[in-house]
Amino acid sequence: MPDISELLKFSFAEDIEAEWDMYMEEGDTIQEATTQILDQYTGMLDEQESLEIYVALALLQLPLEEIDSRVKREINDMIGTKSLEGCFNKEVNLRPYMQQLKKYCR
């Protein structure tokens, strides 16, 4: 999977990806890493970015085949809406990512 900063419009994607990698290297669980990232960014994101952080976390968690329940819930609410598609850069082929998100988040 390409870097999420290449897939998403989200301005914090690169930072979140680096933090995620650090937490995983330290041995944190998916839930612990998700909590730390959400706690750090909550309150400083606008409405669109608040959606995009969940898409970023879902994409980071897809290769692990386990997605935090909070992320699943948010992505499930976005599936089938333009808000989910709007999180991705225009040149990205959405189909494979949408299929994976649907598979793991429903």
Side-chain angles (χ1 to χ4, degrees):
M1 179 179 297
D3 291 343
I4 60 168
S5 59
E6 296 173 17
L7 299 174
L8 301 177
K9 295 177 183 177
F10 187 42
S11 58
F12 293 105
E14 195 171 315
D15 297 331
I16 288 175
E17 188 167 20
E19 290 175 39
W20 179 264
D21 290 343
M22 180 189 70
Y23 293 134
M24 291 293 102
E25 287 171 10
E26 290 176 354
D28 287 2
T29 66
I30 291 171
Q31 291 75 21
E32 291 167 339
T34 300
T35 297
Q36 291 195 52
I37 290 170
L38 289 175
D39 287 350
Q40 180 176 346
Y41 287 90
T42 299
M44 62 185 280
L45 303 176
D46 65 26
E47 186 176 336
Q48 180 61 30
E49 291 171 330
S50 293
L51 299 175
E52 291 168 344
I53 193 170
Y54 286 99
V55 177
L57 287 167
L59 291 174
L60 289 167
Q61 294 171 16
L62 279 175
L64 305 173
E65 297 183 355
E66 179 185 344
I67 297 183
D68 180 89
S69 61
R70 295 163 290 180
V71 174
K72 274 185 183 180
R73 184 174 50 251
E74 290 295 326
I75 297 297
N76 192 40
D77 289 348
M78 284 190 268
I79 289 175
T81 69
K82 294 290 182 196
S83 60
L84 180 58
E85 295 172 10
C87 294
F88 288 88
N89 286 320
K90 292 191 186 298
E91 63 275 359
V92 173
N93 177 6
L94 293 178
R95 189 167 193 197
Y97 300 106
M98 298 300 279
Q99 287 175 335
Q100 287 184 310
L101 290 171
K102 287 177 184 177
K103 177 181 176 182
Y104 289 104
C105 294
R106 283 209 161 158

If you look at every heavy atom in [X] and [Y], which pair is closest and at what distance?
X   : Y   : result
V92 : F88 : CG1-CD2, 4.1 Å
A13 : S5  : CB-CA, 3.8 Å
S83 : M78 : OG-CG, 3.9 Å

Measuring from atom [atom1] of [X] to atom [atom2] of [Y], what distance do you get when rounded to the nearest 0.5 angstrom?
X    : Y   : atom1 : atom2 : answer
I75  : C87 : CD1   : SG    : 7.5 Å
F12  : E49 : CZ    : CD    : 5.5 Å
S50  : L38 : OG    : CG    : 10.0 Å
K102 : M98 : NZ    : CE    : 5.5 Å
T35  : Q40 : OG1   : CD    : 12.5 Å
E32  : E26 : CD    : CD    : 10.5 Å

[X] side chain to [Y] main-chain N or O, any donor-acceptor pair under 3.5 Å?
X   : Y   : value
Q61 : D68 : yes
R70 : Y54 : no
N89 : E6  : yes

Point to revise | Derivation and outcome, side-chain contact (heavy atoms from CB on, under 4.5 Å), residues C105 and Q100 | key: CA-CA 8 Å; C105 294; Q100 287 184 310; over 6 Å; no
**Study point:** For V55, the option from L59, L51, L57 that meets side chain to side chain contact (heavy atoms under 4.5 Å, CB included)
**Key:**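 That would be L59.
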Practice item. Please tell me if the side chains of I67 and I30 come closer than 4.5 Å, counting only heavy atoms from C-beta onward. Key: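 No; the side chains remain at least 4.5 Å from each other.
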Point to revise | W20 vs I4 side-chain heavy atoms within contact, under 4.5 Å | key: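 Side chain of W20 against side chain of I4, heavy atoms only: no contact under 4.5 Å found.
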Practice item. List the steps, then state whether side-chain contact (heavy atoms from CB on, under 4.5 Å) holds for E52 with L8. Key: CA-CA 8 Å; E52 291 168 344; L8 301 177; 5.7 Å; no
Review point. I37 and Y23: side-chain contact (heavy atoms from CB on, under 4.5 Å), yes or no, with the steps?
Key: CA-CA 9 Å; I37 290 170; Y23 293 134; 3.7 Å; yes
**Study point:** E66 vs Q31, side-chain contact (heavy atoms from CB on, under 4.5 Å): CA-CA, chis, key distance, verdict
**Key:** CA-CA 10 Å; E66 179 185 344; Q31 291 75 21; 3.2 Å; yes
More than 12 heavy atoms of other groups within 6.0 Å of [X] [atom1]:
X   : atom1 : result
E17 : CD    : yes
R95 : CZ    : no
E47 : CD    : no

